[in-house]
Amino acid sequence: MDYQELKLGRIELKGQLKETSIFDFKTRRHLKRQLIQNRVQQKRKKLEIKREKSRYSHQKNLLQDKRKELNKFRKDVFKAKLQQTKDMLKMKILSKEQSRAKNKVINPKIVSIKDYKAQYKLELKSVSREITKQRGL
């Protein structure tokens with residue numbers, strides 16, 4: 001707003017300068033000084049606006065960097081939780097498979113279901129197949 005007012009004031013001063021007579025040196029000198037002061041004030045205001053813009057853009061960049069870091073941290077936490085739930089599901093499935101094979105001794109070194117099935121050459125029927133067969137009979 002101030003910058004616009006300064007521009008309007010400059011236009012006004014130029015108009016007054018044109019209205020005064022050439023022989024009225026005192027008022028013309030005074031108006032010219034005011035024009036020069038107005039121009040300096042405009043330049044100062046423009047520089048101040050430029051500084052504020054650069055300050056705001058710097059703060060904006062910092063905020064964006066912080067958001068990126070936060071998103072990376074959230075992704076890492078999410079991946080860790082996802083891996084943890086996958087491991088828990090694998091453990092549950094393995095314990096379920098182990099409970100189905102009743103008369104067999106299970107080696108504690110076995111961690112995955114594939115290793116367990118490969119060692120004992122075990123093919124277990126899924127529970128859903130048994131249920132559908134029973135309903136069909």
Side-chain angles (χ1 to χ4, degrees):
M1 285 299 284
D2 294 334
Y3 185 72
Q4 292 296 330
E5 289 175 6
L6 288 172
K7 275 188 169 182
L8 291 174
R10 184 172 182 218
I11 292 170
E12 221 175 271
L13 288 172
K14 279 186 175 180
Q16 287 177 4
L17 188 64
K18 285 183 180 180
E19 287 176 359
T20 57
S21 72
I22 300 172
F23 301 108
D24 193 4
F25 298 113
K26 195 174 187 180
T27 55
R28 287 183 67 83
R29 212 178 302 139
H30 179 69
L31 289 173
K32 285 183 179 182
R33 281 185 189 156
Q34 284 182 339
L35 273 171
I36 292 170
Q37 287 176 355
N38 190 316
R39 192 177 306 149
V40 169
Q41 285 178 346
Q42 275 185 346
K43 287 185 179 183
R44 284 183 183 163
K45 195 65 177 177
K46 204 169 195 178
L47 183 65
E48 184 182 331
I49 290 169
K50 199 180 274 188
R51 284 181 185 161
E52 285 182 22
K53 282 185 180 179
S54 67
R55 194 176 323 137
Y56 287 137
S57 66
H58 179 68
Q59 289 176 354
K60 186 178 178 182
N61 291 339
L62 288 177
L63 183 64
Q64 286 177 349
D65 292 341
K66 287 182 182 179
R67 282 183 185 164
K68 285 180 183 177
E69 290 175 12
L70 181 64
N71 286 339
K72 284 181 185 178
F73 176 73
R74 285 180 179 169
K75 283 181 184 177
D76 292 340
V77 169
F78 178 74
K79 286 179 182 177
K81 292 286 185 182
L82 183 67
Q83 188 62 37
Q84 187 179 9
T85 53
K86 284 182 180 178
D87 293 341
M88 289 294 289
L89 286 173
K90 285 181 183 178
M91 293 295 289
K92 283 184 179 181
I93 292 171
L94 182 63
S95 65
K96 200 174 195 181
E97 292 284 336
Q98 289 173 350
S99 67
R100 284 186 184 173
K102 292 182 180 178
N103 296 329
K104 298 193 178 189
V105 177
I106 298 170
N107 190 357
K109 293 181 181 177
I110 297 174
V111 178
S112 68
I113 297 171
K114 290 180 182 178
D115 294 341
Y116 178 75
K117 286 183 180 179
Q119 185 177 358
Y120 293 108
K121 296 179 184 173
L122 190 65
E123 288 187 30
L124 298 173
K125 297 177 183 176
S126 66
V127 178
S128 62
R129 288 184 186 168
E130 292 175 7
I131 293 173
T132 55
K133 287 181 181 177
Q134 289 175 357
R135 287 183 186 168
L137 295 176

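Keep in mind that the numbers below use all heavy atoms, side chains included, and drop hydrogens, waters and symmetry copies.
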Task: Side-chain H-bond candidate by donor/acceptor type, Asp24 with Thr27, under 3.5 Å - done: yes
Task: Gap separating the CG atom of Leu35 from the NE2 atom of His30, nearest 0.5 angstrom - done: 10.5 Å
- [ ] Could you check if a side-chain atom of Lys90 sits within less than 4.5 angstrom of a side-chain atom of Leu94, using non-hydrogen atoms only?
- [x] no
TODO: Mind checking the CD-CZ spacing from Gln34 to Arg29? Nearest 0.5 Å is all I need.
DONE: 14.0 Å
TODO: Could you tell me the separation between the CG atom of Leu63 and the NZ atom of Lys68, rounded to the nearest 0.5 Å?
DONE: 11.5 Å
Open item on the list: With a 4.5 Å cut-off on side-chain heavy atoms, are Glu5 and Asp2 touching?
Closed with: yes
TODO: Please examine the side chains of Leu8 and Glu12, heavy atoms only from C-beta on, and report whether any two atoms are closer than 4.5 Å.
DONE: no
TODO: Mind checking the NZ-NZ spacing from Lys50 to Lys46? Nearest 0.5 Å is all I need.
DONE: 7.0 Å
Open item on the list: Distance check, rounded to the nearest 0.5 Å: Lys18 atom NZ versus Arg28 atom CZ?
Closed with: 11.0 Å
TODO: Scan for side chain to side chain donor-acceptor pair (under 3.5 Å) pairs involving residues 70-84, sequence neighbours excluded, and state none if there are none.
DONE: Gln83-Asp87
Open item on the list: On a heavy-atom basis, which atom in Gln42 and which in Tyr3 lie closest, and how many Å separate them?
Closed with: O-CE1, 3.6 Å
Open item on the list: Can you tell me how far apart CD (Gln37) and CG (Leu6) are? Round to the nearest 0.5 Å.
Closed with: 11.5 Å
- [ ] Using atom types as modelled and distance alone, determine if a side-chain donor or acceptor of Arg10 lies under 3.5 Å from a backbone N or O of Asn38.
- [x] no
Task: Sub-4.5 Å side-chain heavy-atom contact between Glu48 and Glu52 - done: yes
- [ ] Determine whether Gln41 and Lys45 make a side-chain contact, defined as any pair of heavy atoms from C-beta on separated by less than 4.5 Å.
- [x] no
